[in-house]
Amino acid sequence: IYYGKRMINWCPHDLTSVSDLEVDYEEVQGTLYHVRYPGADGGEGIVIATQRPETILADVAVAVHPEDPRYRHLVGRQVIVPIVDRPVPVIADARVDPEFGTGALKITPGHDPLDNEIGAAHGLPTLIVLDESGRMTAETGKYAGMDRFEARPVVAADLSTLGLIVREEPYMTSVGRCERCQTVLEPYITDQWFVRMRELAEPAVRAVREGKVRFHPERWTKVYLDWMENIRDWNISRRLWWGHQIPVWHCPACREMVASREHPERCPKCGHAPLRQEEQILDTWFSSGIWPFATLGWPKDTPDLRYFFPTDVLITDRGIIFLWVARMIMFGLEFMGQIPFTDVYIHSTVLTLEGKRMSKSLGTGIDPLEMMDQRGYGADALRFALILRSSQSQQDLRFGEKMLDDVRNFNNKIWNIARFVRMNLEGFDPAREAASVAGPPARGGRDLSSINRWILSRYTRTVREVTRNLEDFEFDKVARILYDFIWGTYADWYVELAKVDLFGQPGDGARRHAQWTLWTVLEGMMRLLHPIMPHITEEVWQLLPHTGESIMVSPWPESPEAWIDDEVERVVDRLIAVIHAIRSLRADLGVDAKAAIAPVLQAPDGEGRRVLEAMSRYVVARTRARDLTFLAPDASPPARAAATLADGVEIFLPVGAGEIERIRGRLTQELSRLEDELARVDSRLGNADFLRRAPTQVVEVERKRQGDLTERREVVRRHLAALA
RNA sequence: GGGCGGUUAGCUCAGUGGGAGAGCGCAUGCUUCACACGCAUGAGGUCGCAGGUUCGAAACCUGCACCGCCCACCA
């Protein structure tokens, strides 16, 4: 850390320095004045361009590019600064851009950072014409006391009167404003504390390069490294009330400074007392940088510090990667000798529906407590919505209250599923069932019926997907997978099918199998969902039979290989396709909702028929069928029937004569769709290049599709012919 | 000036080399024994534009347009 007079961003309103990272830049329309500085020898002199004529009074030189042929002859000569009539040298410096303005730059080391640098390099004096409040100083004569923006047009007018304004042009420029008060900042020279960053940054760069700290998503790594590798010294002193006061004491006698944890009695150099503590405080982000260990008792060696430092994951917004994340990594390495965390997860930035960033100071934010309590959405809904909608690609998230409706409904769905399962668990003892009746289903075993093994298989795959995506920090995918599985698979299909076993007459064994499976899967789903919806999952879990005190400390669900059953998935998927096709046909035909139907099924083979027949009670129940008939694979289809095809199974629904035209229309449309698709596949398979270059698996898929489409086309043609 | 992200159904967004998806909204029908904050069925898209690579592009490359963010001492 070093101390000295340096040019920093100064807020003339708050009277404090401001970090480079806390400046808000804004494009504004300004004026670029071309001003002539006459030669001291009575010659033409040189024309400079400036947006800030009021700083002309502090000019100490005019600089040009050393190679600039227009001005080479002037270098070393003197020109006269207008208004103050001060002779100053024309100097050459490569930092001047000959392309900009007139190619001649007035040098004002007291009020411009670049000029300050050039001035120092050339040993030029520094003049000050603006005070800490941005007003013209007492030495500026008629301008004394004017605000900088007030003085600007006055100086310009005076230059004009002197005939020295060659040109004025409108010019877009960016001004830096104070993040706190929006006052235009002023480059200003004061006593400041700085941290030399190079040594701190180097190990922090290495930690990320070597993968000891990983960013998610990965692209933020580059953002971090680019900044760290071009890091500049950090001005850490602030003239504000709140913060850590800098622990340095000044000796008023010998001017010595001493850094100390305790207040020193007297000056260690000259013995003078009392000493005066530095008034300035540390930049708030300097204090925040020590957060990972300072909050745990550091510098004392506490049990908390030993246990919780370093931690695993930091979740934050991209807006503070430099301000906070980088500083924590640097300080962790500096003070603790370790990285403070291994993974940095950068979440989406929440926007309003209009696309504005939500923030308190902009007044664009919403109050999460209001959303949870007053609007009645609850904490789980808010949490789930934000996770569901925040994509891994880290698209900004436009938040509308409407998206909470979706999740509130999901919440409600879960609650009702739980109610349903609970009210159907009477007489069910999971401990006994697990040991005897149900037990873990063996692959291919027949101890649980198909639909139970089907949902267990799907559930097991879900456990694996959820686990993998959590480990990959793909939280939005986790939320989506669980939403789809719980609502689309478990509630919409499994619960509906299980009702047949619960309420029908297939026997007590089937009922107990259904109970065991409903409970097992629901209980597991709650554990999977718990990280995203902690409250409702705990509530539901407590209402179900369970072991352990809280879902929070229950083990993560397992995914036994034996529960995955490809064959039973194929079979039940076909059942579902058949049910869906019958409903679709029924709706298409406008069959009255209360009317019973009598579908006729024709499976492609005996085995398919046998399996479907075994599950026919599900079809009957879920389609409100009165009866279900199976045709032999080679039997001719019924005449006067609407027909459709589901996963190879032909479905017929006898209809009255009045419906024939409608059915013909439907089939004709279907036929033309099939023919279009088949034409595409045919042309692809007819392409020699495709056959030669495409991977064999892809060609195989196309061949199979061609076969399927051809078969389906034949079936539809047959159905059409049967209508004639 | 440099960099990054985005542009897919009316809205909010998934989908990274082989058959365009979800939720909401919309249409139609349902007080079916958990849920109308629900159930069922369905309609809806030249995947920003122009080139290129490839047997094949919403996806890969180049350029452009528009939206957003970050960085930068051009007076």
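Note on naming: letters A, B, ... go to the chains in the order of the sequence lines (proteins, then strands), and numbering restarts at 1 for each one. Note that this is a predicted model, so its numbers are computed, not measured.
- Nearest to the side chain of N416(A), among G18(B), G42(B), A34(B), sits A34(B).
- A59(B) and G15(B) are spaced 15 Å apart, taking the P atom of each and rounding to whole Å.
- Taking only side-chain atoms of D97(A), from C-beta outward, the nucleotide of C4(B), C74(B), C24(B) with the closest atom is C74(B).
- Regarding contacts with the backbone of G38(B), a side-chain N or O of N409(A) is found under 4.0 angstrom from either OP1 or OP2.
- To the nearest 0.5 Å, the span separating CH2 on W415(A) from CG on L543(A) amounts to 5.0 Å.
- For the pair Y171(A) and C74(B), the criterion of a side-chain N or O lying under 4.0 Å from OP1 or OP2 is not met.
- Listed pair T173(A) / C74(B) fails the phosphate criterion, with no side-chain N or O lying under 4.0 Å from OP1 or OP2.
- The shortest side-chain heavy-atom distance between V344(A) and W220(A) does not fall under the 4.5 Å cut-off.
- Side chain E496(A) to base A34(B): a donor-acceptor pair is found below 3.5 Å.
- Heavy atoms of F399(A) sit nowhere under 4.0 angstrom from any nucleic acid atom.
- Looking at the side chain of W487(A), the nearest of the listed nucleotides G68(B), C55(B), G38(B) is G38(B).
- Between the C1' atoms of G51(B) and A27(B), the separation comes to 42 Å (whole Å).
- Taking only distance into account, the side chain of R692(A) never meets the base of C55(B) through a donor-acceptor pair shorter than 3.5 Å.
- C66(B) and A50(B) have their C1' atoms separated by 15 Å, given to the nearest Å.
- Using a 4.5 Å heavy-atom cutoff, the side chains of V155(A) and Y33(A) are not in contact.
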inquiry  = Please evaluate residues H216(A) and E474(A) with respect to the criterion side chain to side chain donor-acceptor pair (under 3.5 Å), reporting the C-alpha separation (whole Å), side-chain torsions for both, the decisive distance (0.1 Å), and the verdict.
reply    = CA-CA 9 Å; H216(A) 308 274; E474(A) 309 242 27; over 6 Å; no
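- Separation of the P atoms belonging to G2(B) and G17(B) is 31 Å when rounded to the nearest angstrom.
- Of all nucleotides listed (U12(B), C24(B), C4(B)), C4(B) comes nearest to the side chain of R219(A).
- Taking the P atom of each, G48(B) and U12(B) are spaced 15 Å apart, rounded to whole Å.
- Within the cation-pi definition used here (under 6.0 Å to the ring centroid, within 45° of the axis), K413(A) does not qualify as a partner of Y490(A).
- K594(A) comes within 4.0 angstrom of sugar-phosphate atoms only, judged by non-hydrogen atoms across all strands, and of no base.
- Of all nucleotides listed (G23(B), A34(B), C39(B)), A34(B) comes nearest to the side chain of V495(A).
- Checking the phosphate oxygens (OP1, OP2) of U32(B), no side-chain nitrogen or oxygen of K499(A) falls inside 4.0 Å.
- A side-chain contact (heavy atoms from CB on, under 4.5 Å) with R408(A) is found for exactly one of D405(A), L404(A), N412(A), D406(A), namely D405(A).
- Using atom C1' as the reference point in both C70(B) and A34(B), the two lie 50 Å apart (nearest Å).
- Within 4.0 Å (heavy atoms only), R232(A) reaches sugar-phosphate atoms of the nucleic acid but no base atom.
- A57(B) sits 25 Å from G10(B) when the P atoms are compared, rounded to a whole Å.
- Here, U54(B) and G18(B) have their C1' atoms 12 Å apart, quoted to the whole Å.
- OP1 or OP2 of C30(B) has not a single side-chain nitrogen or oxygen of R624(A) nearer than 4.0 Å.
- Listed nucleotides C24(B), U31(B), A75(B) differ in distance to K402(A); the shortest reach to its side chain belongs to C24(B).
- R398(A) comes within 4.0 angstrom of the backbone, heavy atoms only, and of no base.
- When the side-chain nitrogen and oxygen atoms of K413(A) are compared with OP1 and OP2 of C39(B), one or more of them lie within a distance under 4.0 Å.
- Distances shorter than 4.0 Å separate some side-chain N or O of H580(A) from OP1 or OP2 on G42(B).
- By the 4.5 Å heavy-atom criterion applied to side chains, W285(A) and E22(A) are counted as neighbours.
- Taking only side-chain atoms of R693(A), from C-beta outward, the nucleotide of C55(B), A34(B), G42(B) with the closest atom is C55(B).
- The side chain of F503(A) has C33(B) as its nearest neighbour among C73(B), C33(B), G19(B).
- Regarding contacts with the backbone of G2(B), every side-chain N or O of W227(A) stays at 4.0 angstrom or more from both OP1 and OP2.
- Taking only side-chain atoms of K222(A), from C-beta outward, the nucleotide of C55(B), C4(B), G38(B) with the closest atom is C4(B).
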